Structures are given as C-alpha cells and as structure tokens.
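Data first, discussion second: the structure below is written as structure tokens.
In what follows, every chain begins at residue 1, and chains take the letters A, B, ... in the order their sequences are listed. Quick caveat: nothing in here was measured; it's all calculated off a predicted structure.
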Amino acid sequence: MKNYPFQKIEKKWTSFWIQKKVFQPDLKKAKKPFYNLMMFPYPSAEGLHVGNMYAFTGSDIYGRFMRMRGNDVFEPIGLDGFGIHSENYAIKIGAHPMKQARVTEKNFYRQLLMIGNGFAWDNRLETYDPEYYRWTQWIFTELFRAGLVSRKKSPVNWCPSCKTVLADEQVISGKCERCDSEVVKKDLEQWFFKTTKYAGKLLDNLDKLDWSEKVKIAQRNWIGRSEGALIKFAVVGFKSPISVFTTRPDTILGATYLVLAPESAVIPDLQKKIKNWGEVKKYVEKAEGKSEAERISEERAKTGVELKGVKAINPVNNMEIPVWVSDYVVEGYGTGAIMAVPAYDERDFAFSEKFGLPVVKAPLIPKEQAIKQIKAKKTVEYRLRDWLISRQRYWGPPIPLVYCEHCAEALKRMTPKQAATKGWTKGEIENSGWIPVRAKDLPVVLPYVKNFRPTGSGESPLASLKNFYEAKCPRCGKTGHRETDVSDTFLDSAWYFLRYPSVNDKSLSKRNAFDPKLTKKWLPVDMYLGGAEHAVLHLLYSRFLTMALKDLKHIDFEEPFTVFHAHGLLLKNGAKISKSKGNVINPDDYIKKFGADAFRMHLMFLGPLEEGGDFRDSGIVGITRLLDRVWNFALNFKPGRRTGLSEWLNSSIKKITKNISDLRYNVAISELMVIMNKFSERPDEVTKKDFETFVLLLAPFAPFMTEEIWQKLGNKPSVHLKSWPSFRESAVGSGSFEMVIQVNGRVRDRVEAEAGIDAKEAEKIALGRPKIKTLLKGAKPIRVIFVEGRLINIVA
RNA sequence: GCCCAGGUGGCGGAAUGGUAUACGCGUACGACUCAAAAUCGUAUGGGGUAACUCGUGUGGGUUCAAGUCCCACCCUGGGCACCA
C-alpha cells in the first residue's frame with residue numbers, strides 16, 4: 001500500500017489548470033452560462049479561516065458538478081478588503097491599511113489557490129482597487145441623482161469603539177456588528193440610501209426566490225410589514241392634530257390616552273401649552289442619551305411623563321384624553337405616536353398600571369367600519385429603516401459629493417420645478433448645495449493619510465486634509481468642500497457580483513461598471529452560497545441595489561441571486577471556533593499534512609453543508625484511508641470482466657447525483673466509499689468504464705487525485721471538463737431481491753425472491769416459510785400487504 | 001415573549017410512511033511483524049444461553065406498518081425583540 005503523494009501532484013495540476021485556463025470560461029461565447037458564486041471573504045485576519053475553506057469547498061463542488069453536467073461555469077473570486085473590518089485589523093497590528101492590503105491579498109490568494117477551487121482567476125477583483133471603487137462611487141452618484149440618497153438629521157447608532165455611525169442592520173442586539181461594543185444613539189446629520197422605498201418589493205419578491213427558507217423568514221421579519229390606519233386626534237386649543245398609526249383601529253373606543261416618542265417633533269411644537277415643560281424636557285433628554293442596551297436591560301419597565309395642559313380628542317366619542325411621552329414608543333416607526341388601548345395591548349396595560357391610568361374594556365368595532373367612522377387613512381407600515389451609508393472612517397471609498405454654497409444659493413432662488421427644467425437632478429434639488437462628482441472625474445481617490453485612525457469627533461480623518469476637502473464644485477466650478485466621510489463597506493459588497501464578468505477587460509472597465517452584453521448573459525447569479533448571518537445585511541443591501549439599478553435602467557433584472565443557500569457553521573469539537581477560545585484551525589497545516597483533496601473531503605464529510613459540521617482531527621483518517629485505497633487501486637488496476645457490478649453502479653450514480661444537487665455532500669461521499677468497498681471486494685469484476693465512472697464521480701471532491709488518475713488511465717486532461725456519468729431513473733427489474741417478511745408489522749424473516757414477483761406469489765412464498773408457519777399457528781391471514789421489490793406484511 | 005432549525009449507538013451522522021443505526025471515527029479480537037506503526041479481516045445499540053424482547057427527547061393518536069404524519073409537552077441551537 002503506497003501513500004498518495006499529494007504534494008507533487010497538487011503542484012503539477014495547479015500550474016496545469018492555470019496555464020491551460022481550464023476553469024476560465026469564454027465569457028462572451030459561452031453557450032450555457034452558469035454563474036456559481038460564494039460570498040467573497042474579507043481579508044482582515046491572519047489568513048483564511050477554516051470556515052471560509054469550508055464554504056468555498058462547498059461552493060466549488062457544486063460548480064464542478066455543474067461544469068461536468070455541461071454548463072459553462074463561471075466561478076470568480078475576489079477580496080472584500082475595503083472597510084472597517086480590514087481597517088480595524090490594521091490598527092490592531094499597527095500597520096497602515098493601504099500597505100496591509102497588499103500583504104493580506106498575497107496570502108489570501110495563495111491559500112485560495114491551494115484548496116484547488118476552479119476559480120476564474122482572470123476575473124478577480126479587490127474592493128479597495130481604485131478601478132473598482134470608482135464604480136462604487138459611480139453607483140452612489142447615480143442613486144443620488146435619482147433621488148434615492150438623502151441627508152437627514154436623526155438619532156443614529158454610534159459605536160464608541162469604532163468611532164463611527166452604523167446602519168440599523170449592523171447593530172446586533174444593541175451591539176456593534178464588528179467589535180461587539182454597546183451602541184449609543186447620537187443625533188447626527190448623515191447620508192442615507194432610501195431602502196424603505198423598496199420595502200414592498202423587497203418583501204413581495206421573496207416569495208419568488210429559491211432561497212434558504214430561514215433567510216427569507218429573517219428578511220420578512222426585518223422588513224416587518226404591518227397593515228393599519230393613520231388616525232388623527234385633534235388637540236384642544238391647538239391648530240394641528242396628532243396623527244397615530246395603529247393596526248387595531250377597531251379598538252379605538254378603548255383608547256384612553258396618547259403616547260409620543262421622546263424624539264417626536266410634536267413635543268417642541270406643543271412647548272407653549274405644556275405646563276410642566278421642565279419635567280418633560282428632562283425626560284426627553286434622558287431618554288435620548290440611553291443606549292439600546294440600557295433600554296433592554298431595564299426589562300421594559302415603563303417610564304414616562306404626562307404633558308400637562310395638553311388634551312387630545314378621541315374622534316369616535318369626543319372624549320378628552322391625556323397625552324404622555326414615553327420611550328416605549330419609538331420615533332421612526334409609524335408616526336412616532338400611538339393611541340394607547342390598555343384593555344387590548346400588553347404594553348399599554350403595563351404603562352397604565354404603573355401610572356394609574358384608566359383601562360376601558362370598550363366594545364370592538366369591525367375594522368372597516370371603524371376606519372370609515374373616524375375617517376382614518378388605511379396605510380402599510382414597514383419596520384425597515386433607510387440604510388445609513390456614511391462612515392467617519394478612513395479605509396473606504398470617499399463619498400463622491402461636493403458641497404457648494406453658490407449652488408445652494410442658486411437653488412434657493414428657484415422652485416424645485418424650475419430647477420428641474422434647468423437640469424438640476426432630483427438629488428441635487430432635495431439636498432440643496434450637494435453636487436455629485438461627474439463620472440469622468442471618478443474615482444475620488446482615497447489619499448494616503450499617515451494618521452488614519454478614527455478621530456471620534458464625528459468626522460472622518462479625511463477632514464484634516466485641506467488639499468482633499470477643498471474642491472471645485474462639479475456644477476459651477478467655484479470652490480466648495482468635499483464630503484469627507486467614506487461609504488459603508490456593505491456598499492462595496494452590494495454590487496461586486498455585477499462587476500466580476502466585466503472586470504478583466506481593461507478597455508471596457510474605463511467606460512462601464514458592467515458591460516451590458518456580459519451582464520445580460522451571466523446575471524443574475526445562478527447559485528449563491530454564503531453565511532446566513534448576512535440575511536439582513538449583505539443579502540438585503542444587494543437586493544435593494546439591484547432593484548435601484550434596474551429602475552435606473554442599468555440592468556434588466558431586479559433580483560441578484562436566483563438561488564441562495566446558506567452554509568452551516570463549522571464547529572471544533574462541539575464548540576464555536578474563536579480566537580478567544582484558542583481553538584482556531586489553521587487550514588495551511590492540514591493541507592500540508594494531509595493534502596488539499598483530503599482536507600476538502602474531510603470538511604464535506606462532517607455533515608450536510610447547510611447544517612454545518614463538527615471538525616474533529618480524528619475523523620480525517622477515514623478520508624485519507626479512502627484516498628490511499630483509491631490511489632492504490634488505480635496503480636494496480638487491471639480491467640476486469642463485465643458483470644452485475646455495472647448494473648449496481650447505476651443506483652450509486654443516481655444517489656450521488658441527487659445528493660450533490662441537494663448539497664448533501666456527506667451522503668455523496670459515503671456512497672463513494674460504498675463503491676470503493678465493493679471494488680476492493682471484487683477487483684477483477686471492475687471494468688475500465690466502471691473505474692472511470694468512479695473517478696468522474698469523485699472528481700468534484702478530490703480534483704487533484706482524480707486528474708492524475710484520469711491521465712494514468714490513458715485519458716487526456718482535464719477530467720473536470722468531461723461529462724458527468726449518466727444513469728437510468730428506474731432500476732432494471734432483473735435478478736433477485738431480499739424480501740422482508742413481516743407479521744403484524746414486525747420483521748420475522750427474510751428470503752431471496754425473484755425480482756418480478758406479484759403479491760400472490762410473494763404470499764405463497766411467505767406462508768411456506770417454516771418460521772412464519774410456526775408464528776401463525778395455522779391462523780389465516782386477515783390481510784396481506786405487498787410492497788414491490790421490498791417486503792410483505794401479513795396481518796393475522 | 002414571538003419565529004425558525006433540530007433532539008437517532010461511545011462519537012460525526014444515514015434512512016421516497018415499508019429491513020432503524022448506511023458510511024466513517026472509535027473500541028475489541030485476529031492476520032502480517034522480532035516488535036510497533038501502517039495495512040488487511042471479523043465483531044460492535046441495550047437485555048437474554050436462546051426463542052425472543054426493549055429501543056430514534058417525553059406522553060398520547062392515526063396506520064397493516066411511524067425516526068418520518070397529527071396533537072400536547074420537555075430540552076438544545078439560532079434569529080428577532082416595547083414596531084403599536
């Protein structure tokens with residue numbers, strides 16, 4: 001028994017594949033394009049995490065399978081190396097992110113080459129490459145011009161450790177998605193993408209997508225659609241009413257007070273009427289300073305202050321009811337004001353209990369009737385918020401806007417309509433004075449800044465560079481100042497899949513973010529694989545951006561990923577892998593020791609890809625044993641005579657094909673083991689074709705060894721471009737089967753029977769068995785159930 | 001609290017309502033060896049000498065037949081969380 005010399009063979013085929021561009025499809029001429037993609041990694045750590053290897057291998061096996069099934073598979077790779085994660089890592093190790101990027105890039109590509117994936121290396125991209133981010137900035141300006149970007153002052157999430165604002169999606173249970181610090185609220189003016197404009201479409205389209213169900217559910221919950229009504233409550237002695245949103249207009253008779261969010265603009269408006277203004281002001285200020293975590297830690301104990309002197313009128317019965325302010329009502333959802341119905345709402349009930357407010361169990365009215373009676377307006381509300389895109393950091397694409405006072409002044413002298421006819425864009429009119437940099441002047445290059453660390457002042461480090469922020473207005477040419485914030489990393493990754501097909505054509509890249517023809521041919525992505533943790537981050541942002549780009553007529557589809565599957569989590573000895581636990585697995589060590597094929601197969605054998613697996617060192621020998629056996633079988637192979645083995649192989653091909661399609665690679669591998677066991681038992685019955693079939697079935701899992709064996713068998717490389725073995729759906733009914741004989745549902749006997757027999761014949765055989773005779777003691781069967789080719793059950 | 005996913009040998013995990021524990025790890029014994037490793041072979045859910053019997057988180061139910069379907073509950077993992 002010889003050990004498989006993986007080092008030599010891996011080296012040989014790695015260079016062969018690259019030289020011959022085996023996995024580089026002709027993007028223009030491909031007949032059956034299949035875009036197979038795994039979420040690209042962010043190179044923030046020492047090297048590729050074993051979790052990345054796990055996911056990439058899972059994706060690659062699918063890609064190789066689809067290639068052998070006759071598709072032109074495009075499997076690109078790149079790095080998401082721009083942004084806060086890479087910058088934080090650079091800070092941690094005391095390097096400059098611009099220099100560090102080159103170091104990590106080299107290491108990541110080395111590792112990604114090692115695992116033997118069929119990547120289209122010519123199309124790789126890095127998000128920090130100015131040739132890439134010029135188009136990230138271009139997308140920003142396109143959305144800006146179309147009125148999908150707005151500058152708003154609002155209470156936003158601020159991470160005190162990362163010293164920047166964050167989007168809602170990047171706050172996980174009150175903590176920063178990157179560094180786990182508690183996030184606080186700050187009132188700041190920031191740039192937002194209007195994701196809420198697409199809330200309805202983002203939700204409705206989910207039904208049409210072939211995605212992991214849990215991810216769709218997470219998105220549905222995040223978007224949070226509620227049908228309800230807006231109800232106006234007049235305020236005694238005040239001109240404008242207070243508008244509330246409710247999903248239960250039918251409970252209006254039980255509405256005994258109103259509650260406003262502390263941030264509600266209605267409160268300052270009512271200042272003159274509020275008799276206890278000092279107390280109210282104090283409460284509002286305190287509530288605004290609370291962090292998310294603080295609000296949670298208070299276990300929902302209700303606090304609040306009555307706005308004394310303010311009375312609202314319940315429109316259904318004209319009762320005067322008090323108005324309160326409390327932080328259990330949130331600004332930014334509905335109108336930031338509610339009607340409290342303590343008899344029908346738990347939270348309102350708790351509040352009433354605490355402050356001794358009346359609980360009126362009033363009769364309910366049918367919803368439609370209630371809406372009509374109080375002249376309410378039916379509406380749909382979404383939980384989804386706009387995407388906060390500004391970051392007060394260094395390592396990202398500068399937001400390509402210039403503020404120009406002259407243009408702001410000019411706009412003031414026009415109505416929006418007039419401005420529009422004069423060629424001002426929607427975004428420029430909405431955000432007076434802000435002018436996007438023209439496409440031909442992009443990219444706005446990120447300058448080298450020695451002191452790149454975040455300042456914490458609410459401004460990016462770029463704000464300290466006069467020669468950066470001083471800029472000519474793209475519209476009037478007078479001196480203005482640049483926006484100095486950079487954009488969110490998630491914007492970089494929200495469109496990279498659009499860029500891949502177009503990336504290697506350098507002449508093209510100067511003109512287009514994505515070539516229309518190539519985009520039409522290759523997109524949307526046919527198979528996307530990645531982590532479920534991106535359910536409401538990357539996956540939602542990408543969907544939004546794709547919809548926006550479609551509406552701007554840059555692409556002709558609105559969903560980026562036709563199929564998406566989430567891979568599971570890889571554990572080590574039952575525990576989560578983390579640096580703090582010290583159980584990090586370095587893939588390099590394993591590949592060096594066992595070879596890439598063994599490492600790939602070991603990872604995939606742990607469990608179904610979508611459920612993850614538990615990595616234990618002990619298990620890998622099962623795979624190396626298999627590979628050594630295959631290798632030795634190949635070395636000693638002498639073609640055998642054709643027998644029943646070929647027939648039996650048919651069902652194995654069928655099983656393996658089905659299990660790969662379902663991403664159940666663990667079961668496919670076990671079936672490969674079954675075949676090898678059978679081959680070892682009866683080596684002189686294995687024909688050349690049988691063995692070649694096996695090699696083809698093994699190829700997606702062990703790309704290096706199978707390539708070598710394929711050549712040893714006298715075939716031309718590459719095995720990975722050959723056709724997947726075919727199979728017949730139904731087994732040919734020949735020979736015999738083991739018939740199980742049950743009595744009252746219990747297995748009592750087994751007998752070899754002819755394949756084609758019917759129920760009557762089966763019954764005759766069964767009743768003739770001595771064991772069954774004894775059991776029945778002469779009793780006549782009440783009923784006999786026969787399952788063809790499997791079993792017979794005698795009910796007595 | 002709500003919403004998902006899941007509880008199967010010592011372990012990772014298989015099982016179109018039809019032979020529970022495939023495949024692999026581990027363990028035991030045997031072969032080879034001076035010996036060990038590697039490799040190969042055999043066995044391996046519990047109880048029982050055996051016939052047999054009990055077994056897929058718990059308790060019910062449907063069915064000729066339930067790990068699989070239905071009802072109730074327990075536990076674990078994940079997500080959301082004062083969204084009116």
Side-chain angles (χ1 to χ4, degrees), chain A residues 1 3 172-174 212-218 220-222 224-226 228 244-248 251 259 295-296 298-302 326-330 332-341 344-348 350-351 381-385 532-533 535-536 568-569 571 573-574 576 602 605-608 610-623 625-626 628-629 632 655 658-659 664 666-674 676-677 680 738-747 749-750 771 774 781-796:
Chain A
M1 188 89 167
N3 287 338
I172 315 292
S173 309
S212 293
E213 201 55 34
K214 59 178 174 178
V215 170
K216 289 211 256 184
I217 288 165
R220 272 188 205 111
N221 292 341
W222 189 260
R225 184 180 196 270
S226 291
V244 306
F245 173 73
T246 180
T247 54
R248 296 291 308 275
T251 63
V259 188
R295 289 195 184 187
I296 290 165
E298 281 164 9
E299 287 176 13
R300 292 167 202 189
K302 298 286 183 285
S326 170
D327 65 5
Y328 85 91
V329 175
V330 295
Y333 182 78
T335 60
I338 62 148
M339 63 177 206
V341 189
Y344 296 105
D345 185 282
E346 259 181 58
R347 297 151 301 182
D348 297 342
F351 193 79
E381 280 291 329
Y382 295 95
R383 220 194 70 109
L384 182 75
R385 308 291 157 85
E533 70 275 16
V536 296
L569 205 65
L571 306 175
N573 298 325
K576 263 191 190 172
H602 177 52
F605 191 54
L606 297 173
E610 292 183 82
E611 284 165 37
D614 189 0
F615 191 101
R616 285 164 203 262
D617 289 349
S618 59
I620 199 163
V621 301
I623 297 294
R625 275 178 197 155
L626 171 76
D628 280 343
R629 281 170 71 198
N632 282 276
K655 270 185 211 167
K658 172 121 185 26
N659 281 306
R664 299 172 62 83
N666 56 328
V667 187
I669 292 170
S670 74
E671 190 61 26
L672 287 165
M673 289 171 170
V674 171
M676 200 55 219
N677 289 345
S680 310
E738 190 190 48
M739 184 169 76
V740 167
I741 304 172
Q742 296 183 338
V743 176
N744 293 330
R746 288 168 167 272
V747 179
D749 202 3
R750 291 153 212 265
K771 216 172 174 181
T774 347
I782 299 165
R783 204 176 150 186
V784 175
I785 291 111
F786 176 62
V787 183
E788 214 182 298
R790 277 183 183 271
L791 59 75
I792 183 164
N793 186 14
I794 296 157
V795 186

(message) Applying a 4.0 Å non-hydrogen cut-off, can you work out what A/Gln742 is touching in the nucleic acid: base, sugar-phosphate, or nothing?
(response) base
(request) Just call it for A/Val787: base, sugar-phosphate, or nothing, with non-hydrogen atoms closer than 4.0 Å on any strand. (result) base
(message) To the closest 0.5 Å, what do you measure between NE2 (A/His602) and CD1 (A/Ile669)?
(response) 10.5 Å
(message) What's the gap between B/C34 and B/C25 when it is taken at their C1' atoms, as a whole Å value?
(response) 31 Å
(message) Taking 4.0 Å as the cut-off, does a side-chain nitrogen or oxygen of A/Ser226 come that near to OP1 or OP2 on B/A84?
(response) yes
(message) Counting only side-chain heavy atoms from C-beta out, which of B/C11, B/A84, B/C4 sits nearest to A/Ile338?
(response) B/A84
(message) By nearest atom, which of the nucleotides B/A84, B/C4, B/U16 is closest to the A/Val330 side chain?
(response) B/A84
(request) Could you give the distance separating B/G30 and B/C23 at their C1' atoms, to the nearest angstrom? (result) 24 Å
(request) Give A/Val795 one of three labels, base, sugar-phosphate or nothing, depending on what nucleic acid heavy atoms sit under 4.0 Å from its own. (result) sugar-phosphate
(request) Ignoring the backbone of A/Phe245, work out which of B/A14, B/C23, B/A84 is nearest its side chain. (result) B/A84
(message) Closest approach to the side chain of A/Leu791, judged atom by atom: which nucleotide of B/C52, B/G18, B/C80 is it?
(response) B/G18
(request) Report the residue (A/Ser680 or A/Ile669) whose heavy-atom-nearest nucleotide on RNA chain B is the more 5′ of the two. (result) A/Ile669
(message) Nearest to the side chain of A/Val329, heavy atoms from C-beta on, is which of B/G12, B/A15, B/A84?
(response) B/A84
(message) With rounding to the closest Å, how many angstrom separate the C1' atoms on B/U16 and B/G12?
(response) 25 Å
(request) Between A/Ile794 and A/Asn3, just flag the one whose closest nucleotide in RNA chain B comes earlier from the 5' side. (result) A/Asn3
(request) Dump the intermediate steps for side chain to side chain contact (heavy atoms under 4.5 Å, CB included) on A/Arg750 and A/Leu791, then the final yes or no. (result) CA-CA 9 Å; A/Arg750 291 153 212 265; A/Leu791 59 75; over 6 Å; no
(request) Return the nucleotide paired to B/C11: Watson-Crick means purine N1 to pyrimidine N3 with N6-O4 or O6-N4, wobble means G-U with N1-O2 and O6-N3, both under 3.5 Å. (result) B/G24
(request) Using the P atom on both, measure B/C69 against B/U56 and round to a whole Å. (result) 15 Å
(request) Once you apply the 3.5 Å cut-off to both distances, tell me the Watson-Crick or G-U wobble partner of B/C29, or none. (result) B/G41
(request) Walk me through it: do A/Thr335 and A/Tyr333 pass the test side chain to side chain contact (heavy atoms under 4.5 Å, CB included)? (result) CA-CA 6 Å; A/Thr335 60; A/Tyr333 182 78; over 6 Å; no
(request) For the pair A/Asp345 (side chain) and A/Val341 (backbone), establish whether a donor and an acceptor sit closer than 3.5 Å, ignoring hydrogens and angles. (result) no
(request) For B/G9, decide between syn and anti, treating a glycosidic angle within 90° of 0 as syn. (result) syn
(request) Check every strand shown and say whether A/Leu606 touches a base, only sugar-phosphate, or nothing at a heavy-atom separation below 4.0 Å. (result) sugar-phosphate
(request) Can you tell me the distance, in whole Å, between the NE2 atom of A/His602 and the C1' atom of B/C23? (result) 15 Å
(request) Please state whether the phosphate of B/G12, meaning OP1 or OP2, lies under 4.0 angstrom from any side-chain nitrogen or oxygen of A/Asn666. (result) no
(request) Report the distance from atom CG of A/Asp614 to atom P of B/G13, rounded to the nearest whole Å. (result) 7 Å
(request) Using the P atom as the reference point in each nucleotide, state the distance between B/C73 and B/G26 in Å, no decimals. (result) 43 Å
(message) Taking the P atom in each of B/G55 and B/A66, what is the distance between them to the nearest angstrom?
(response) 12 Å
(request) Would you please test A/Leu626 and A/Met676 for side chain to side chain contact (heavy atoms under 4.5 Å, CB included) and show each step? (result) CA-CA 8 Å; A/Leu626 171 76; A/Met676 200 55 219; 3.9 Å; yes
(message) Let's see if you can work this out: which of B/U19, B/U39, B/C40 has an atom nearest to the side-chain heavy atoms of A/Arg625?
(response) B/U39
(request) Write down the distance between CD (A/Glu611) and P (B/G13), rounded to a whole number of angstrom. (result) 8 Å
(request) Can you tell me, in whole Å, how much space there is between the C1' of B/G13 and that of B/G67? (result) 14 Å
(request) May I have the distance from A/Tyr382 (atom OH) to B/C80 (atom C1'), rounded to whole angstrom? (result) 19 Å
(request) Compare side-chain N and O positions of A/Arg248 against OP1 and OP2 of B/A84 and report whether any pair is under 4.0 Å apart. (result) no
(request) Tell me whether the OP1 or OP2 atom of B/A84 has a side-chain N or O from A/Tyr328 closer than 4.0 Å. (result) no
(message) Rounding to an integer number of Å, can you tell me how far A/Glu213 CD sits from B/C4 P?
(response) 10 Å
(request) Please confirm whether any donor atom in the side chain of A/Lys302 sits under 3.5 Å from an acceptor in the base of B/C82, or the reverse. (result) yes
(request) Would you indicate which nucleotide in B/U19, B/C82, B/A81 comes nearest to any side-chain atom of A/Val740? (result) B/U19
(request) Would you please confirm or rule out a distance under 4.0 Å between OP1 or OP2 of B/C64 and any side-chain N or O of A/Arg783? (result) yes
(request) Remember a base hit wins even if backbone is also touched, and classify A/Glu671 as base, sugar-phosphate or nothing at under 4.0 Å, heavy atoms. (result) nothing
(message) Applying a 4.0 Å non-hydrogen cut-off, can you work out what A/Arg385 is touching in the nucleic acid: base, sugar-phosphate, or nothing?
(response) base
(request) Using the C1' atom on both, measure B/G57 against B/G9 and round to a whole Å. (result) 15 Å
(request) Could you check which nucleotide pairs with B/U63 in any of the strands shown, counting Watson-Crick or G-U wobble with both distances under 3.5 Å? (result) none
(request) Let me know the distance between CD1 of A/Ile172 and P of B/G79, rounded to the nearest Å. (result) 8 Å
(request) Supply the atom-to-atom distance A/Glu671 CD to A/Arg664 CZ, rounded to the nearest 0.5 angstrom. (result) 13.0 Å
(request) May I ask you to verify if any side-chain N or O of A/Arg746 is less than 4.0 angstrom from the OP1 or OP2 atom of B/A66? (result) no
(request) Between B/A84, B/G12, B/C82, spot the one nearest the side chain of A/Asp327, thanks. (result) B/C82
(message) Donor-acceptor check, side chain of A/Arg385 to backbone of A/Arg383, threshold 3.5 angstrom: yes or no?
(response) yes
(message) Could you check whether A/Lys302 makes a cation-pi contact with A/Tyr328, meaning its NZ or CZ is under 6.0 Å from the centre of the six-membered ring and within 45° of the ring axis?
(response) yes
(request) Check whether any side-chain nitrogen or oxygen of A/Arg790 sits under 4.0 Å from OP1 or OP2 of B/A15, and answer yes or no. (result) no
(request) Find the partner of B/C2: check Watson-Crick (N1-N3 plus N6-O4 or O6-N4) and G-U wobble (N1-O2, O6-N3) distances, both under 3.5 Å, and reply none if neither fits. (result) B/G79
(message) Let's test your reading of the model: under 3.5 Å, does the base of B/C64 pair with the side chain of A/Asn793 as donor and acceptor?
(response) yes
(message) Would you say A/Arg383 places a side-chain N or O within less than 4.0 Å of OP1 or OP2 belonging to B/A81?
(response) yes
(message) Tell me which nucleotide, if any, is Watson-Crick or G-U wobble paired with B/U16 when both distances must be under 3.5 Å.
(response) none
(request) Using both distances under 3.5 Å as the test, list the Watson-Crick or G-U wobble partner of B/A84, or none. (result) none
(message) Looking at B/G24, I'd like to know if its phosphate oxygens (OP1 or OP2) sit under 4.0 Å from a side-chain N or O belonging to A/Asn677.
(response) yes
(request) Step by step, work out the side chain to side chain contact (heavy atoms under 4.5 Å, CB included) result for A/Glu381 and A/Thr247. (result) CA-CA 9 Å; A/Glu381 280 291 329; A/Thr247 54; over 6 Å; no
(message) The side chain of A/Ile785 is closest to which nucleotide in this list: B/G18, B/C23, B/U53?
(response) B/G18
